[in-house]
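Shown next, in structure tokens, is the structure this report addresses.
Order of appearance sets the numbers: ligands from 1, and atoms from 1 within every ligand.
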Amino acid sequence: MTHILVTGGAGYIGSHACKALKQAGFTPVVYDNLITGWQDAVKFGPFEQGDLTDRARLDQVFAKYQPVAVMHFAALSQVGEAMSQPGRYWANNVGGSLNLIEASVAAGCLDFVFSSTCATYGEHDNVVLDENTPQRPLNAYGASKRAVEDILTDFEAAYGLRSVIFRYFNVAGADPEAEVGEFHRPETHLVPLMLDAIEGKRDALTVFGTDYDTPDGTCIRDYVHVCDLVDAHVLGLKWLQDGKGSRVFNLGTGTGFSVREVINQSRSVTNREVPYSLGPRRAGDCTKLVSGSTRAELELGWSPSRSTLDVMIKDAWAWHQSGHYES
Ligand code: UDP
């Protein structure tokens, strides 16, 4: 059995990655502290509860499974929280990742796939965000992810650790078979909050800011389907296993949608009204984040097939109505 250690494998993206890994013939070992993840989402391999800051526990898990690679998803990922509690982001996302990377190197596991973010780029006026765009994060979330990218670079120079770094744009959608789906505790993301509001499970959605310099005044994001995103991770793992060098890839579609456009699409997919009100900007939000690169398609052979707004919202809606989802 070829084990892959998947930190955060009980979370939204991690659980979808485990399904993709299993389908590709690997055995995902989930390492998760269950603070934001759900044990019910661990369905595709063994589960080991633990925290990234617990080095002894990490060493134990590396020794038990001898994974050939790490996929590192576990992180705090809320922009608003990162603005008000930056210390948690530095301690968990940077301190915890450093611990994991050190444990991985100590165990001789030298292939590492890291989930980074377009939030590392920050605000760039009318500039295409490709992988060479200068990283100027606006919040501690983006800053903490950029710091881990730097750690990986230093550990490659010192110990030969090879990494594939994926800078995600906005991940949405769910497994079309609804075995796993999107959930966060607390939920802060646009699509699930909107679907909850449609179902009357939450208050109306608040649109964060209508005075941005965009055609309709709301923020623009590049949405990518979680299944396409995790497919790229399997390709990234194979890239490393083929002995190719460390590489950074954006994962986005190159097309941006405003918050109002997402609301309109949700209305048409669900055939229901979206209750929403207009509110002030959320601190730390960039005006526009759209990937300007096709590097993942050209070099990894990534071909996203579900990343249209329509399919992403349909899959998310099906998951919401599957009976597995709890808001
Ligand atoms: N957003 C919003 N209301 C919400 C949550 C999000 O208007 O209740 C907006 C947010 O300002 C951003 C977009 O939706 O422009 C996507 O936000 P999300 O939190 O889903 O992802 P992020 O871009 O922060 O990674």
Filtering T206, L190, N139 for the heavy atom nearest atom 3 (N) of ligand 1 leaves T206

Verify, without hydrogens or angle tests, whether T308 (side chain) and V311 (backbone) share a donor-acceptor contact under 3.5 angstrom. yes

For atom 15 (O) of ligand 1, the closest protein heavy atom turns out to be C219 CB, 3.0 Å

among protein heavy atoms, the one nearest atom 19 (O) of ligand 1 is R282 NH2, 3.1 Å

Taking only non-hydrogen atoms of L193 and a 4.0 Å limit, the atoms of ligand 1 in range are 8 (O)

Check: of V79, V171, N170, min heavy-atom distance to atom 22 (P) of ligand 1 comes from N170

Given the options F249, Y168, W239, F112, H233 meets ring-ring contact (aromatic ring centres under 6.0 Å, His included) only with Y168

Worksheet entry | Short N or O distance, H189 and ligand 1, threshold 3.5 Å exclusive | no

The protein heavy atom nearest to atom 13 (C) of ligand 1 is Y223 OH, 3.9 Å

Mark yes or no for whether Y65, through its side chain, and P46, through its backbone, hold a donor-acceptor pair below 3.5 Å. no

Looking only at protein heavy atoms, what sits closest to atom 11 (O) of ligand 1 is D285 OD2, 2.6 Å

ask   = Does R136 make a cation-pi contact with Y121, if we ask for NZ or CZ under 6.0 Å from the ring centre and within 45° of the axis?
value = no

Ranked by distance from atom 9 (C) of ligand 1, the top protein heavy atom is V259 CG2, 3.8 Å

